[in-house]
There are 2 protein chains.
Amino acid sequence: MSTGIVHLIDDDEAIRDALAWLLRSHRIESRAWDSAESFLADYHVDMRGCLILDIRMSGMTGLELFEQLLDRGCAMPVIFLTGHADVPLAVRTVKKGAFDFLEKPFSDGELAERVVAALGLDEQNHRLATSNASIDARLQSLTMREKEVMKRILGGQYNKVIAADLQIAMRTVEVHRARIFEKMNVRSAVELAQLLAGAQLD
Amino acid sequence: MSTGIVHLIDDDEAIRDALAWLLRSHRIESRAWDSAESFLADYHVDMRGCLILDIRMSGMTGLELFEQLLDRGCAMPVIFLTGHADVPLAVRTVKKGAFDFLEKPFSDGELAERVVAALGLDEQNHRLATSNASIDARLQSLTMREKEVMKRILGGQYNKVIAADLQIAMRTVEVHRARIFEKMNVRSAVELAQLLAGAQLD
DNA sequence: TCCGCCATTGTGGATATCCACAGGCGTGGC
DNA sequence: GCCACGCCTGTGGATATCCACAATGGCGGA
């Protein structure tokens with residue numbers, strides 16, 4: 001069960017109503033916004049779901065909104081609606097990370113299918129982000145010295161070598177190592193390497 | 001210095017000549033093919049460079065060629081040329097991995113810029129593939145038992161636990177472990193984990 | 001001034017690993 | 001029949017790690 005909804009952003013009320021109705025008939029919850037500005041005013045990075053953007057709106061365009069969202073670290077998938085065939089624009093936008101482009105007119109089923117896929121991707125991104133945030137928090141809890149030791153542990157160095165490298169006693173390295181494993185919630189250097197390898201951190 | 005060239009695939013001789021001339025004026029080497037079929041007949045997975053495909057050709061189309069190449073594990077970037085604005089098609093193809101779409105008419109500089117970027121990506125992909133192939137070869141050299149032991153080493157298990165798990169002596173695990181490290185060219189479990197984490201294997 | 005935390009160093013001892021050497025059994029290929 | 005290889009087990013011993021406990025000094029905040 002997804003906790004995301006579809007954000008409908010279009011300055012044309014008739015379009016918003018039609019889209020909301022269409023999605024409702026597929027049991028998909030949505031929220032309508034009459035401008036990019038009003039959406040941005042309420043936007044926060046923890047928002048879930050996906051966006052349906054008309055590419056051309058008065059005021060801030062769909063593209064400008066998309067750029068803003070990228071800048072703010074938004075991970076929600078974005079589906080563009082366009083009535084004008086502009087291949088270079090579509091290609092450029094998709095390569096920048098837009099989820100999809102839909103050219104009007106399109107069938108109800110087609111839109112619903114894309115939306116379902118987009119919400120699925122949002123769910124997946126959310127799980128990944130949650131996992132990464134947990135790992136990142138653990139990393140933030142390490143002291144500077146612990147980070148220096150951890151870097152060398154991950155480089156495959158023995159405690160004796162780390163001690164020589166940092167000009168401290170091997171016993172000190174042993175203490176740091178134990179603290180690092182405790183804070184990162186792992187039991188060995190291998191587990192630590194695997195944990196960080198599976199994460200995509202900032 | 002890239003060892004890749006630009007493969008020009010178009011059934012229109014005038015287009016091929018014009019493109020070749022344009023690229024030559026930018027000191028970019030190219031090879032022309034008058035059909036998708038003729039290119040495929042000569043294609044092999046070790047080919048380097050990038051492709052410029054006209055999307056509509058008599059016989060096998062550019063799209064059909066692209067699908068064939070994906071099936072054959074081709075990693076060379078593909079730039080599509082099209083005279084017809086078809087947003088859904090362009091979006092679908094780019095999401096499948098096409099490097100770019102260029103709509104006619106386009107400027108010389110624009111094409112050259114895309115080609116240079118595509119050749120750069122090919123270079124990067126090649127380095128990655130070479131590294132992965134080396135790692136894969138080392139993995140292939142492991143015996144079945146060694147693979148079983150390695151899996152558990154990477155899972156963070158101690159030798160004593162692996163021994164109990166596989167119903168063999170701990171000394172046996174020690175021997176396998178040493179052989180694994182020798183074949184994979186690492187000195188510790190951490191190095192092994194890092195090696196495999198950095199690789200994208202089949 | 002006191003307290004908590006970080007960084008450091010140490011003792012003692014158990015467990016895990018690495019290295020070298022040695023040998024047996026089963027299987028498949030020549 | 002012989003040989004090579006994989007898998008297995010073992011001895012001996014050195015090195016690396018983990019765990020528990022203990023202590024000191026510096027620093028920053030209350």
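Please read all numbers here as calculations on a predicted model, not as lab measurements. Numbered from 1 within each chain, the chains take letters A, B, ... in sequence-line order.
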_Residue A/Y158, side-chain heavy atoms: nucleotide from D/dC18, D/dA16, C/dT9 that is nearest_ = D/dA16
*asked:* When you measure from the side-chain N and O atoms of A/K160 to the phosphate of D/dA16, is any distance below 4.0 Å, counting only OP1 and OP2?
replied: yes
*By nearest nucleotide on DNA chain D, pick out whichever of B/S141 and B/Q167 is the more 5' one.*
B/S141
*Side-chain donor-acceptor pair under 3.5 Å between B/S131 and B/R127, yes or no?*
no
*Under 4.0 Å between a Lys/Arg side-chain N and an Asp/Glu carboxylate O for A/E174 and A/R177?*
no
_Taking 4.0 Å as the cut-off, does a side-chain nitrogen or oxygen of B/R177 come that near to OP1 or OP2 on C/dC18?_
yes
*Please work out whether the ring planes of B/H7 and B/W33 are parallel, tilted or perpendicular, with thresholds of 30° and 60°.*
tilted
*How close or far is atom C1' of D/dC18 from atom CZ of A/R179, stated in whole angstroms?*
14 Å
*Got a donor-acceptor pair under 3.5 Å from the side chain of B/R171 to the base of D/dG12?*
yes
*Compare side-chain N and O positions of A/N159 against OP1 and OP2 of D/dA16 and report whether any pair is under 4.0 Å apart.*
no
_What is the separation between atom CD on B/E146 and atom C1' on D/dC7, rounded to the nearest whole Å?_
10 Å
*B/E174 or A/M170: which one's nearest nucleotide on DNA chain D is closer to the 5' end?*
B/E174
*Using a 4.0 Å heavy-atom cut-off across all strands, classify A/R145 as base, sugar-phosphate, or nothing.*
sugar-phosphate
*asked:* Quick check for you: to the nearest 0.5 Å, what is the distance between A/R31 atom CZ and A/M47 atom CE?
replied: 6.5 Å
*Touch class at under 4.0 angstrom, heavy-atom based, for B/A169 against every strand present*: sugar-phosphate
*At under 4.0 Å, does any side-chain N or O of B/T143 touch on OP1 or OP2 of D/dC5?*
no
*Rounded off to whole Å, could you give me the CZ-to-P distance for the B/R187 and D/dT15 pair?*
16 Å
*Rounded to the nearest angstrom, tell me the gap between atom CD1 in B/I162 and atom P in D/dT9.*
14 Å
*To the nearest Å, how far apart are B/R152 CZ and C/dT17 C1'?*
19 Å
*OP1, OP2 of C/dT8 versus side-chain N and O of A/H176: anything below 4.0 Å?*
yes
*Round to a whole Å and report the spacing from CD of B/E191 to C1' of C/dT17.*
15 Å
*asked:* Without decimals, in angstroms, what is the distance between B/M144 CE and C/dG26 P?
replied: 22 Å
*Ignoring the backbone of A/T172, work out which of C/dT8, D/dC7, D/dT9 is nearest its side chain.*
C/dT8
*asked:* Nearest whole Å is fine: how far is D/dT17 P from B/Q157 CD?
replied: 20 Å
Identify all side-chain donor-acceptor contacts of residues 52-60 of chain A below 3.5 Å with residues at least two apart in sequence or on another chain.
{"from": "A/D54", "atom 1": "OD1", "to": "A/K104", "atom 2": "NZ", "distance (Å)": "3.0"}
{"from": "A/D54", "atom 1": "OD2", "to": "A/R56", "atom 2": "N", "distance (Å)": "3.1"}
{"from": "A/S58", "atom 1": "OG", "to": "A/D11", "atom 2": "OD2", "distance (Å)": "3.0"}

